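Please read the structure below before turning to the comments.
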Amino acid sequence: MSDLTVPFLEIAIIVGLAGFFLAVVGSRGQWLVAKMRLYLFTTDHKRIGLMYLTTAFVMFFIGGIYASLIRTDLGFVQGLGLDPQTTLGITPDVYSTLFTMHGVMMIFLFVMPALAGFGNYLIPSMIGAKEMALPRINAIAFWMIPPAAVLLILSNANAGWTGYVPLSVQPYGPNPHAIDIWITGIHILSISSMLGAINFLVTIIKHRAPGVRYWNMPLFVWATFINSVLLIFALPSLSIALTFVLSDRNFGTHILAASNGTPLGGALLYQNMFWFFAHPEVYILVLPAFGLVSTILPKLARKDIFGYGAMAIALGVFAVLSFAVWEHHMFVTGISTNIRFVFMLTTMAIAVPSAVKTFNWVATLWGGRIWMAIPMWFCVAFITGFVIGGLSGLFLASVPVDYLYHATYFVVAHFHYIILGGTMMALFAGIYFYYPVWTGRWYNQRLAQVHFVLTYVGVNLLLFPMYLLGAEGMPRRVYTYLPTANFEFLNFLSSIGAAILGIGQLVFAFNMVYSYYTGLKVVGDPWGEPAPTQMLGPAKPRPSPVSVPVAAEPKGSA
């Protein structure tokens with residue numbers, strides 16, 4: 001390939017896109033302008049919510065490409081005994097970039113915007129408000145995300161999604177300003193999240209309709225309220241830490257990079273500040289998912305949520321304890337034994353509200369007349385994934401065990417079970433639950449079932465071998481590993497799971513677009529009391545002469 005090939009390809013792509021845009025403008029210019037005005041300048045909370053969700057899932061697929069390259073390297077290339085540098089051109093620097101961009105995009109550009117999208121769409125309706133309290137600020141918070149995403153993608157940063165020093169303060173040859181651009185993108189996203197959190201808090205506190213009190217709000221509103229409090233208290237710590245990195249890189253300060261050439265103290269300071277944000281961030285990524293599941297389960301189980309008060313209190317306990325456990329990420333850094341003991345206890349204590357919520361979800365299903373529609377499938381998958389991820393967290397809460405597993409793939413499996421096996425499943429449950437409301441059409445039931453099977457099988461086949469890899473000592477954050485037969489086989493198995501998971505998401509994307517134009521039209525409330533012939537969903541009727549009594553609407557139902 002000549003040196004001019006890449007520039008010519010880039011020019012051809014730009015010209016092609018420009019030609020396509022001009023063709024659309026020429027043929028349907030008025031329609032395009034009207035649509036652009038409708039969405040570019042809107043302050044309607046529902047449209048903004050849908051834009052959040054659309055942007056999040058676009059980033060989900062881009063982040064998935066990075067993950068696919070990582071798994072191709074570790075599983076299909078090295079798993080078959082090949083050299084990643086000669087086969088794929090994946091050097092240590094390239095791998096670090098893939099690892100960094102995948103983590104940042106999935107956390108900051110997929111999960112957080114997707115949950116904010118559900119919050120924007122649902123919160124005003126659930127509390128009886130006409131609109132978000134600060135509609136223009138709401139629009140500004142969304143429109144900060146696309147430019148931040150462009151900056152992050154173009155940065156190609158290589159310091160890991162955590163941005164640990166001293167790596168993040170060192171110059172990086174191919175792009176000396178990669179970390180600066182990356183931090184700028186994170187700062188923009190942080191400001192966006194802060195604006196959104198303030199908006200949610202003001203809306204929930206000041207704009208509730210008469211009769212909507214704190215102790216009868218839907219649990220999704222509670223989850224979003226507490227999630228916003230977490231964001232406001234956690235994000236400044238991340239912003240300050242990244243500002244220190246920028247200052248050390250560009251202004252000659254030595255806040256994190258010690259001037260005597262031994263930056264250990266700076267590295268520990270950064271880790272404390274980062275994890276004071278990042279562990280509450282785990283609950284920022286999962287609390288609204290709890291709220292979604294607590295909204296969907298009662299509706300499809302045809303009974304009230306079990307233990308509403310305990311569920312709401314458990315959300316608050318999560319918020320408090322999430323700020324009291326960050327040091328467990330630093331058990332192996334040589335901190336005092338007394339400090340480690342305290343943080344071990346607080347980390348184990350967080351299992352209590354987790355158990356309360358899991359018990360209450362199962363108790364909600366117990367004795368219900370369950371409509372096994374697709375959203376219910378994903379809710380049950382959420383519970384199983386969250387339980388597996390949570391139980392493995394108890395291993396890591398123990399200091400002696402953490403010494404063995406801390407820097408291994410066991411931690412990767414634990415975290416991803418919470419996010420993929422938990423939050424992602426809840427997001428899909430929410431998408432399938434509200435899709436008929438958003439579009440007025442049913443999605444294709446058979447394709448939705450295929451999507452669920454591929455996703456559930458893919459997630460578990462992807463992640464469970466990582467527990468075994470971690471238990472056998474395979475380190476995380478490295479682009480290669482010892483070529484033992486077991487490491488190669490388990491990585492190969494894990495990458496097969498990643499491929500299955502990726503195929504499932506293509507089915508999901510096709511179903512959403514295809515059903516938007518061809519799906520059966522929804523009549524009335526799509527999740528109202530189903531007829532006896534529809535208890536398994538609209539696609540598979542089962543004749544039954546038995547009449548179904550009408551149940552009371554559950555609290556917090558859609």
Side-chain angles (χ1 to χ4, degrees), residues 48-71 97-121 141-155 157 160-162 182 185-186 188-190 192-193 196-197 224 227 231 235 238 277-278 281-292 378 381-382 385-386 389 412 415-432 434-435 451 455 458-459 462-463 498 501-502 504-509 512:
I48 291 174
L50 293 176
M51 289 193 296
Y52 264 111
L53 285 163
T54 303
T55 302
F57 275 92
V58 169
M59 295 301 140
F60 172 62
F61 282 96
I62 296 174
I65 293 172
Y66 288 107
S68 299
L69 291 172
I70 293 171
R71 287 314 320 168
T97 296
L98 296 174
F99 161 71
T100 302
M101 299 311 301
H102 165 68
V104 170
M105 294 194 70
M106 287 304 195
I107 292 172
F108 291 99
L109 292 174
F110 167 51
V111 178
M112 291 179 70
L115 296 172
F118 277 109
N120 270 277
Y121 194 93
F142 167 75
W143 285 112
M144 296 178 79
I145 293 177
V150 172
L151 285 175
L152 288 174
I153 293 172
L154 293 179
S155 72
W161 77 273
T162 57
W182 178 76
I186 298 294
I188 295 172
L189 291 174
S190 298
S192 170
S193 296
T224 305
N227 185 68
L231 280 167
L235 279 172
L238 173 68
F277 151 79
E281 172 70 5
V282 174
Y283 296 95
I284 290 167
L285 299 177
V286 80
L287 285 183
F290 291 166
L292 277 174
F378 277 100
F382 164 86
F386 179 69
V412 178
F415 177 72
H416 281 76
Y417 253 112
I418 297 296
I419 302 303
L420 288 182
T423 300
M424 186 184 74
M425 296 297 184
L427 287 172
F428 283 132
I431 292 289
Y432 282 113
Y434 288 105
Y435 185 87
H451 171 228
T455 300
V459 165
L462 166 66
L463 299 181
L501 177 61
Q505 306 330 300
L506 295 178
V507 173
F508 164 75
M512 295 296 100

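Everything numeric in this text was worked out from a predicted model, so none of it was measured.
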Show me the side-chain donor-acceptor pairs of residues 99-116 shorter than 3.5 Å, one per line, residues at least two apart or across chains.
from: T100; atom 1: OG1; to: S96; atom 2: O; distance (Å): 2.7
from: T100; atom 1: OG1; to: G160; atom 2: N; distance (Å): 2.7
from: H102; atom 1: ND1; to: G63; atom 2: O; distance (Å): 3.2

Next item on the list: Determine yes or no for a side-chain-to-main-chain donor-acceptor pair under 3.5 angstrom, with S192 supplying the side chain and I188 the backbone.
Entry: no

Margin query: Between H416 and V459, is the side-chain contact (heavy atoms from CB on, under 4.5 Å) condition met? List the steps.
Written below: CA-CA 9 Å; H416 281 76; V459 165; over 6 Å; no

Check: Out of curiosity, F277 CZ to L231 CG, how far, rounded to the nearest 0.5 Å?
Finding: 8.0 Å

Check: So, does S155 use its side chain to make a donor-acceptor pair with the main chain of L152 at under 3.5 Å?
Finding: yes

Margin query: If I compare all heavy atoms of G117 with all of L53, which pair ends up nearest, and what's the gap?
Written below: CA-CG, 4.2 Å

Checklist line | L238 side, atom CG; S190 side, atom OG - distance, nearest 0.5 Å | finding: 5.0 Å

Note to self: With rounding to the nearest 0.5 angstrom, report the CD1 to CD1 distance, I65 to I70.
What the structure shows: 12.5 Å

Next item on the list: Evaluate the ring-ring contact (aromatic ring centres under 6.0 Å, His included) criterion for residues Y417 and F386: first the C-alpha distance (whole Å), next the side-chain angles of each, then the deciding distance (0.1 Å), finally the verdict.
Entry: CA-CA 7 Å; Y417 253 112; F386 179 69; over 10 Å; no

Item checked: side chain to side chain donor-acceptor pair (under 3.5 Å) against Y52, all qualifying residues, sequence neighbours excluded -> none

Checklist line | Check: L285 main-chain N/O paired with T423 side-chain donor or acceptor under 3.5 Å | finding: yes

Check: Closest approach of G185 and A148, non-hydrogen atoms and distance?
Finding: O-CB, 3.6 Å

Margin query: Distance check, rounded to the nearest 0.5 Å: F60 atom CZ versus Q505 atom CD?
Written below: 4.5 Å

Next item on the list: Output the distance between atom CG (N227) and atom CG (L287), rounded to the nearest 0.5 Å.
Entry: 5.5 Å

Check: Mind checking whether F428 and H451 have parallel, tilted or perpendicular rings, split at 30° and 60°?
Finding: perpendicular

